[in-house]
2 protein chains.
Amino acid sequence: MAGISDNIERLIRDMLETNGGHVKIVRNELAGRINCVPSQINYVLTTRFTPEQGYFVESKRGGNGGIRITKCRTGTGSEFIRNLIEASGERLSESKAEMLMTALVKNGLISVGESRLVRSSFSDKALVRLDPMDRQVIRSNIFKQVLSCLLAEREI
Amino acid sequence: MAGISDNIERLIRDMLETNGGHVKIVRNELAGRINCVPSQINYVLTTRFTPEQGYFVESKRGGNGGIRITKCRTGTGSEFIRNLIEASGERLSESKAEMLMTALVKNGLISVGESRLVRSSFSDKALVRLDPMDRQVIRSNIFKQVLSCLLAEREI
DNA sequence: AATGATAAGTCAAAGATGGTCAAATGTGTT
DNA sequence: AACACATTTGACCATCTTTGACTTATCATT
């Protein structure tokens, strides 16, 4: 009954479970083991291991590369961050993003220094080469990525 | 687990460490010891021991020649950061940017946590909506913007 | 000078990973 | 049936690493 994706999901969850919430997989190797096409791993990762669901995924290509998956802790702070990720939507203006960063600082989830660096990373200045429309989309992506990284750091 | 390049890198770093930041290697001899082709040494040197990362590499061919690697004293932190800004150019790949961030951490100019956040801000994941070409341009802009922020903090 | 031995440098091809996207297929609802 | 949504697949792309054939520079000896 369970589809291939369900199997992949369960497998990864098990690995995370027995591995302290942190695993590295080699996409093609895993695909071979499960007997599916490699890109199906991506499908599972993008639909079932998202930041909103409390996971942080990184990868590196080329020889000796791989995909790292981290399960984030579910504490009150994490909850707050997850809400921000959901709240930030598809597009994000600089001022809205700044407010969200301020909220993070106020809740002690990020230091003032860190927040300054992150702010500058998605400032209009950094993104000046993009059309204003694109800018907001990219800013939202950056924001979410940084927040999921923050979640991952709060991992056990 | 680590690839050959990682081993070479670690080996050289260790040698530098135990040798006061200064070593001479003989390319073919080292390649033989590590069991790789000689040109792989060049690959490691050009990707992981660049001036931007605080290394100076000289070489001499012919009999009694060799390669000298020196870990540069980086002057003041502000100088180092300014150099990085200049060196980062118009476009920046993710892996190059990561190595520059590592150099910042090693020089105590940014904390590990901060660097993680900044890395994720310009990761391919965060910039995935952009064409690969644009991505590198924007990444360079973000990188410079963050570094300028860092510089500003130090000069207060 | 000329020559041969000894290093290092360059560059492009091959290999090893992962990523993206859209078409095909399946599943459930109206 | 028609539609919407989720899953499965495969062709093609991007990036990082490893390898090797060919080139260039320096030294030591004649």
Side-chain angles (χ1 to χ4, degrees), chain A residues 1-12 23-50 53 56-69 141 145, chain B residues 1-12 23-50 56-69 91-99 102 119 122-139:
Chain A
M1 193 64 206
I4 301 179
S5 289
D6 296 325
N7 290 329
I8 298 173
E9 182 185 358
R10 185 148 21 83
L11 194 74
I12 294 177
V23 290
K24 170 179 171 181
I25 64 178
V26 174
R27 193 182 71 152
N28 290 298
E29 183 269 316
L30 183 60
R33 227 166 65 207
I34 288 182
N35 204 22
C36 68
V37 295
S39 59
Q40 188 142 21
I41 310 283
N42 297 77
Y43 175 70
V44 173
L45 290 177
T46 53
T47 56
R48 307 179 183 190
F49 292 86
T50 65
Q53 292 163 322
F56 184 58
V57 178
E58 306 163 278
S59 67
K60 202 181 108 182
R61 309 188 194 191
N64 210 38
I67 302 177
R68 261 174 307 162
I69 307 165
N141 287 164
Q145 194 60 34
Chain B
M1 218 55 192
I4 300 180
S5 289
D6 296 326
N7 290 329
I8 298 173
E9 181 185 358
R10 186 147 19 85
L11 195 78
I12 294 177
V23 290
K24 170 178 170 181
I25 64 179
V26 174
R27 193 182 72 152
N28 290 299
E29 182 271 316
L30 182 60
R33 225 165 67 207
I34 288 182
N35 204 22
C36 68
V37 296
S39 59
Q40 188 144 22
I41 310 284
N42 297 76
Y43 175 70
V44 173
L45 289 177
T46 54
T47 55
R48 307 180 183 193
F49 291 88
T50 65
F56 183 54
V57 177
E58 306 161 278
S59 66
K60 207 176 70 169
R61 310 187 194 193
N64 208 36
I67 301 176
R68 258 175 306 160
I69 306 165
R91 296 190 280 113
L92 204 53
S93 73
E94 179 167 16
S95 59
K96 181 94 188 275
E98 297 235 327
M99 287 189 244
T102 302
R119 277 167 211 251
F122 58 55
S123 65
D124 273 346
K125 267 222 151 96
L127 306 180
V128 68
R129 303 288 200 98
L130 303 170
D131 308 337
M133 259 329 184
D134 295 342
R135 223 179 274 172
Q136 305 216 336
V137 174
I138 299 302
R139 177 178 297 116

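We use all heavy atoms of the structure for the numbers below, so side chains are in, but hydrogens, waters and symmetry mates are not. In what follows, chains are A, B, ... by sequence order, proteins preceding strands, each numbered from 1. Only a predicted model underlies this, so the values are computations on that prediction, with no experimental measurement involved.
- Taking CD1 from B/Ile67 and CD from B/Glu58, the interatomic distance works out to 11.0 Å, rounded to the nearest 0.5 Å.
- In this structure a side-chain-to-backbone donor-acceptor pair under 3.5 Å is present from A/Asp6 to A/Gly3.
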Would you tabulate the pairs of protein nitrogen or oxygen atoms and nucleotide nitrogen or oxygen atoms of nucleotides 19-22 of chain D closer than 3.5 angstrom?
from: D/dT19; atom 1: OP2; to: B/Gln40; atom 2: OE1; distance (Å): 3.4
from: D/dG20; atom 1: N7; to: B/Ser39; atom 2: OG; distance (Å): 3.3
from: D/dG20; atom 1: O6; to: B/Ser39; atom 2: OG; distance (Å): 2.5

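- In this structure, B/Gln136 and B/Phe122 have side chains that are not in contact, with every pair of non-hydrogen atoms separated by 4.5 Å or more.
- Listed nucleotides C/dG18, D/dT8, C/dA7 differ in distance to B/Asn28; the shortest reach to its side chain belongs to C/dA7.
- Other residues, nucleotides and ligands contribute over 12 non-hydrogen atoms within 6.0 Å of the CZ atom of B/Arg33.
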Between N or O atoms, less than 3.5 Å apart, protein on one side and nucleotides 22-25 of chain C on the other: list the pairs.
none

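- Atom-to-atom, CD1 of A/Ile67 to P of D/dT15 comes out at 16 Å; the value is rounded to the nearest Å.
- What separates CG of B/Asp6 from P of C/dT17 is a distance of 13 Å, to the nearest Å.
- Interatomic distance, A/Thr47 OG1 to A/Glu9 CD, rounded to the nearest 0.5 Å: 7.5 Å.
- Across the protein-nucleic acid pair, A/Asn42 atom CG and C/dT17 atom C1' stand 11 Å apart, rounded to whole Å.
- Contacts of A/Ile25 with the nucleic acid, taken as non-hydrogen atoms under 4.0 Å apart, involve only primed sugar atoms and P, OP1 or OP2.
- Residues forming a ring pair (Phe, Tyr, Trp, His ring centres under 6.0 Å) with A/Tyr43 (at least two apart in sequence, or on another chain): none.
- For the pair B/Lys24 NZ and C/dA8 C1', the interatomic distance rounds to 12 Å; values are reported in whole Å.
- Nucleic acid contact class of A/Arg48 (heavy atoms, under 4.0 Å, all strands): sugar-phosphate only.
- The structure places CD1 of B/Ile34 at 7.0 Å from CG of B/Asn7, a figure rounded to the nearest 0.5 Å.
- The nucleotide whose nearest atom lies closest to any side-chain atom of B/Val128 is, among C/dG18, C/dT20, C/dA7, C/dT20.
- Each of B/Arg135 and B/Ser59 was matched to the nucleotide of DNA chain C holding its nearest heavy atom; the match closer to the 5' end belongs to B/Ser59.
- Atom CZ of B/Arg48 has more than 12 neighbouring heavy atoms from other residues, nucleotides or ligands inside a 6.0 Å radius.
- Note on B/Arg68: nothing from the nucleic acid sits closer than 4.0 angstrom, heavy atoms only.
- B/Ser5 has a side-chain polar atom (N or O) that falls below the 4.0 Å cut-off from OP1 or OP2 of D/dT18.
- Counting only heavy atoms from C-beta outward, the side chains of B/Phe56 and B/Ile69 never approach each other to under 4.5 Å.
- Per the geometry, CD belonging to B/Gln136 stands 11 Å off P belonging to D/dA14, to the nearest Å.
- What separates CG of A/Leu45 from P of D/dT8 is a distance of 14 Å, to the nearest Å.
- With rounding to whole Å, A/Glu29 atom CD is found 9 Å from C/dG18 atom P.
- Side-chain N/O atoms of B/Ser95 include one lying less than 4.0 angstrom from OP1 or OP2 on D/dC16.
- Rounding to whole angstrom units, CG of residue B/Asp131 and C1' of C/dG19 are separated by 15 Å.
- Residues forming a side chain to side chain contact (heavy atoms under 4.5 Å, CB included) with A/Val37 (at least two apart in sequence, or on another chain): A/Ser39, A/Gln40.
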Listed pairs, N/O of protein and of nucleotides 25-27 of chain D, under 3.5 Å:
from: D/dA25; atom 1: O4'; to: B/Arg61; atom 2: NE; distance (Å): 3.4
from: D/dA25; atom 1: O4'; to: B/Arg61; atom 2: NH1; distance (Å): 3.4
from: D/dC27; atom 1: OP1; to: B/Lys60; atom 2: NZ; distance (Å): 3.0

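- Each of B/Val26 and B/Asp124 was matched to the nucleotide of DNA chain C holding its nearest heavy atom; the match closer to the 5' end belongs to B/Val26.
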Residues 126-135 of chain B, side-chain donor-acceptor partners within the protein, below 3.5 Å, at least two apart:
from: B/Arg129; atom 1: NH2; to: A/Glu90; atom 2: OE1; distance (Å): 3.0
from: B/Arg135; atom 1: NE; to: B/Leu127; atom 2: O; distance (Å): 3.4
from: B/Arg135; atom 1: NE; to: B/Leu130; atom 2: O; distance (Å): 3.3
from: B/Arg135; atom 1: NH2; to: B/Leu130; atom 2: O; distance (Å): 3.2

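- Of the possible polar contacts, one joining the B/Thr102 side chain to the B/Glu98 backbone as a donor-acceptor pair under 3.5 Å is found.
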